[in-house]
There are 2 protein chains.
Amino acid sequence: MDNCFGDSMKNIGDIIRVAEQHCESRGTRLTKKRKHVLTALIESAKALSAYDLIDVCREKYGEDIPAMSVYRILEFLESENLVHKLSTASKYASCENIIGDKARCYSQFLICKSCSKVKEVGLKPTMIAELQATVKDASFKLVNPQLEMNCLCDDCA
Amino acid sequence: MDNCFGDSMKNIGDIIRVAEQHCESRGTRLTKKRKHVLTALIESAKALSAYDLIDVCREKYGEDIPAMSVYRILEFLESENLVHKLSTASKYASCENIIGDKARCYSQFLICKSCSKVKEVGLKPTMIAELQATVKDASFKLVNPQLEMNCLCDDCA
DNA sequence: TGCCTCAATGTTACATTATAACATCAAAAG
DNA sequence: CTTTTGATGTTATAATGTAACATTGAGGCA
Ligand SMILES: [Zn+2]
Ligand SMILES: [Zn+2]
Ligand SMILES: [Zn+2]
Ligand SMILES: [Zn+2]
């Protein structure tokens with residue numbers, strides 16, 4: 001490994017600050033609860049369900065957020081491109097490009113079906129073009145080009 | 001349009017017969033209920049939920065299949081590569097390659113998020129190779145290469 | 001034929017994921 | 001301060017999916 005921190009090298013404070021600025025510049029607010037949900041996702045290497053997040057927020061912040069609110073918060077964070085919904089897993093993961101703002105790029109997600117570990121990887125333009133062409137040939141319009149790949153991580157394989 | 005039948009050109013009897021032979025050759029059985037569920041999916045241009053299928057089977061075959069059984073039947077049909085589960089939509093679609101047995105190929109599914117119309121398109125080998133490479137670089141193993149694309153069909157766009 | 005066995009299906013109960021509808025609270029603006 | 005609007009709470013319920021155990025039914029064999 002290159003350093004002694006591994007993935008936890010990422011400075012959460014920095015990411016949150018960027019997320020706050022991002023929201024501010026868009027006229028929205030990263031409230032305390034939204035920040036907690038986002039932080040929980042950033043700190044997790046694994047995708048979490050809405051109900052997982054309820055547990056994490058209770059355990060880590062002593063904060064009881066009802067399911068309905070968690071879903072609304074996730075919807076907000078997704079609309080701000082800070083979080084991605086992984087439909088194949090019914091779980092949520094923080095965007096890995098909050099700093100750098102590549103969030104609008106087309107990503108593929110490698111999701112371990114055993115432990116939910118997730119990795120977000122940008123799609124190459126050539127791939128995007130090919131996917132777009134396929135969709136067009138079939139008379140469909142691509143709405144959300146997010147790809148989710150059903151995988152096993154090396155720990156689980 | 002090339003002919004007056006459109007997609008309904010596909011001869012369902014032929015497909016079912018191939019599916020039966022396929023099962024027989026694998027030592028499994030395409031029972032009456034399994035056949036009904038499979039037929040319902042083949043006849044539908046749209047992906048259907050398990051509960052949709054309960055309704056279709058009741059309406060078309062006067063047959064009341066409990067939810068648990070429908071899920072088991074879908075699991076069986078998927079294990080035989082006759083049906084695909086579209087996880088992003090929580091719906092199911094018949095394989096479009098039952099005749100020809102390309103079922104083991106890697107497919108991408110274009111799914112209309114408005115009406116659930118679905119099209120199965122084979123992935124080009126170059127695409128598969130690229131996806132595989134990405135997965136490998138990230139230390140994941142690809143389990144199921146199925147791609148699901150969130151689209152709008154031309155009718156709904 | 002009658003029994004045996006195992007696959008298929010039924011039944012009941014429940015878990016998980018998600019949304020609708022309406023009430024309340026709180027921050028920013030005037 | 002009040003108004004306004006966005007954010008959150010509350011309650012109920014819908015939609016999707018699974019666990020556990022019971023029953024049925026189709027083939028194989030005495
Ligand atoms: Zn992202
Ligand atoms: Zn794993
Ligand atoms: Zn197929
Ligand atoms: Zn459509």
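Every chain is numbered from 1 and lettered A, B, ... according to where its sequence line falls, protein lines coming before strand lines.
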Considering residues at least two apart in sequence or located in another chain, which fulfil the salt bridge (Lys or Arg N to Asp or Glu O under 4.0 Å) criterion with B:R26?
-> B:E80
Check the distance between C:dA28's P and A:E24's CD and give it to me in whole angstrom.
-> 10 Å
A:R17: salt bridge (Lys or Arg N to Asp or Glu O under 4.0 Å) partners, not counting sequence neighbours = A:D14
Non-hydrogen atoms of A:I65 and A:C57 that approach each other most closely = CD1-SG, 3.9 Å
Would you mind listing every ring pair (Phe, Tyr, Trp, His ring centres under 6.0 Å) that reaches into residues 109-157 of chain A, with sequence neighbours excluded?
-> A:H84-A:F109
In whole angstroms, how far is the P atom of D:dG17 from the CD atom of B:E75?
-> 12 Å
Per-nt protein contacts along nucleotides 9-27 of chain C (heavy atom under 4.0 Å; B base, S backbone sugar-phosphate only, - none) come out as BBB-----BBBB------S
ring-ring contact (aromatic ring centres under 6.0 Å, His included) filter on A:Y61, not counting sequence neighbours, yields A:H36
The salt bridge (Lys or Arg N to Asp or Glu O under 4.0 Å) partners of B:K124 (sequence neighbours excluded) come to A:E130
B:L30 CG to D:dA26 P: how many Å, rounded?
-> 15 Å
Atom CG of A:L53 to atom C1' of D:dT8: distance rounded to whole Å?
-> 17 Å
